[in-house]
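Just so it is clear, the structure is predicted and the values come from calculations on it, not from any experiment.
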Amino acid sequence: MLMKLVKYDLKWTMKVILVFISLGFILSVLGRLFSLIEDSLFFSIVTAIFNGAGLSMFITALFNSIIRGWVRFVLNLYKDESYLTHTLPINKSTLYLAKVISVIISIIITCVALLIGVVIMYYSKENLEVVKESLNTISTILDSSVIGFLLLCFFIVLLEAIFIVLCGYFGIIVGHLFNKRKILMSVLFGLGIYFVGTIISLLVMLVSSVFNEGLYGIIFGGTTNIEFSMLVVILWIGVVLYSLYNFALYFIGNKLFNKGVNVE
């Protein structure tokens with residue numbers, strides 16, 4: 001039953017997102033085709049315009065995967081649709097989990113589409129060599145694999161996106177406990193818990209700087225050049241913090257949701 005719920009949620013969410021992704025691919029391909037016309041200032045400008053528009057479509061798809069996840073959550077669990085949803089022989093934890101899984105899948109799909117679009121627009125032997133040299137330099141300096149570094153960057157972006165989604169879910173659940181101004185209260189509580197997480201992250205970074213000279217130099221010493229080794233430390237701190245935030249928000253949101261739903 002869980003996978004059926006995820007399928008229905010994805011079907012609803014991806015209707016709009018696939019439009020933006022399709023437009024992004026069309027614009028990316030057109031930009032690529034125009035880039036094949038060399039030694040032309042006009043077509044260079046046209047290529048830049050199509051590439052910029054293509055990127056904006058993919059980024060819009062990513063934002064929509066988050067926003068439509070919130071909209072689906074409200075419509076399916078608190079609005080008119082909720083009267084049918086809550087009559088299903090499914091516990092509330094499963095309903096909540098389905099919403100979380102469907103949003104994560106839609107975010108991953110849009111991120112992969114964005115990556116493919118960037119490859120279509122900018123792939124060339126020259127650019128590939130530049131990327132390889134940069135990644136090999138990073139790998140040597142960090143004494144780690146290129147794949148490991150890229151996976152670390154991907155996970156931090158994914159975890160932060162999930163954190164934003166769960167902040168929205170938390171805000172919606174708490175906001176709908178009120179009898180009036182539910183949307184306003186949802187926004188306030190969602191933003192509130194997001195800023196709480198941000199403040200905690202800053203405090204952790206400040207405390208961590210006491211035990212790490214490089215981090216201390218960045219925060220208090222006015223250091224503008226960040227060493228790659230320090231970048232990995234910061235990324236790992238982010239991965240740990242966002243993982244903890246996401247687990248905490250998931251269980252808190254699930255617990256509050258299971259206490260009861262005040263449908264409209």
- [ ] Take Ile107 and Val165 through the test side chain to side chain contact (heavy atoms under 4.5 Å, CB included) and record every step on the way to the result.
- [x] CA-CA 10 Å; Ile107 290 173; Val165 171; 4.0 Å; yes
TODO: Show your working on side chain to side chain contact (heavy atoms under 4.5 Å, CB included) between Tyr169 and Leu249 and close with a plain yes or no.
DONE: CA-CA 9 Å; Tyr169 284 174; Leu249 280 174; over 6 Å; no
Task: Derivation of the side chain to side chain donor-acceptor pair (under 3.5 Å) call for Ser28 and Asn51 - done: CA-CA 6 Å; Ser28 300; Asn51 287 346; 6.0 Å; no
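Using cut-offs of 30° and 60° on the angle between ring planes, the pair Phe25 and Phe58 is perpendicular. Taking the six-membered ring where the residue is Trp, Tyr242 and Phe163 present tilted rings, their angle falling between 30° and 60°.
Put simply, the side chain of Lys255 does not reach to within 4.5 Å of the side chain of Phe251, judged on heavy atoms. Taking the side chain as every heavy atom from C-beta outward, Arg72 and Lys99 approach each other to under 4.5 Å.
The side chain to side chain contact (heavy atoms under 4.5 Å, CB included) test with Ile109 singles out one residue from Ile21, Ile104, Thr13, and that residue is Ile21.
For the 3.5 Å distance criterion, the side chains of Thr94 and Asn91 qualify, holding a donor opposite an acceptor. Counted by atom type alone, Ser102 and Tyr8 present zero donor-acceptor pairs between their side chains at under 3.5 Å.
Open room surrounds CZ on Phe155; 12 or fewer heavy atoms of other groups in view lie less than 6.0 Å from it.
Neither Ile105 nor Phe63 shares a network with the other; the hydrophobic side chains, linked directly or stepwise wherever heavy atoms of I, L, V, M, F, W or Y lie under 4.5 Å apart, form separate groups for each.
Here Phe247 contributes atom CZ and Leu166 contributes atom CG; the two are 10.5 Å apart, rounded to the nearest 0.5 Å.
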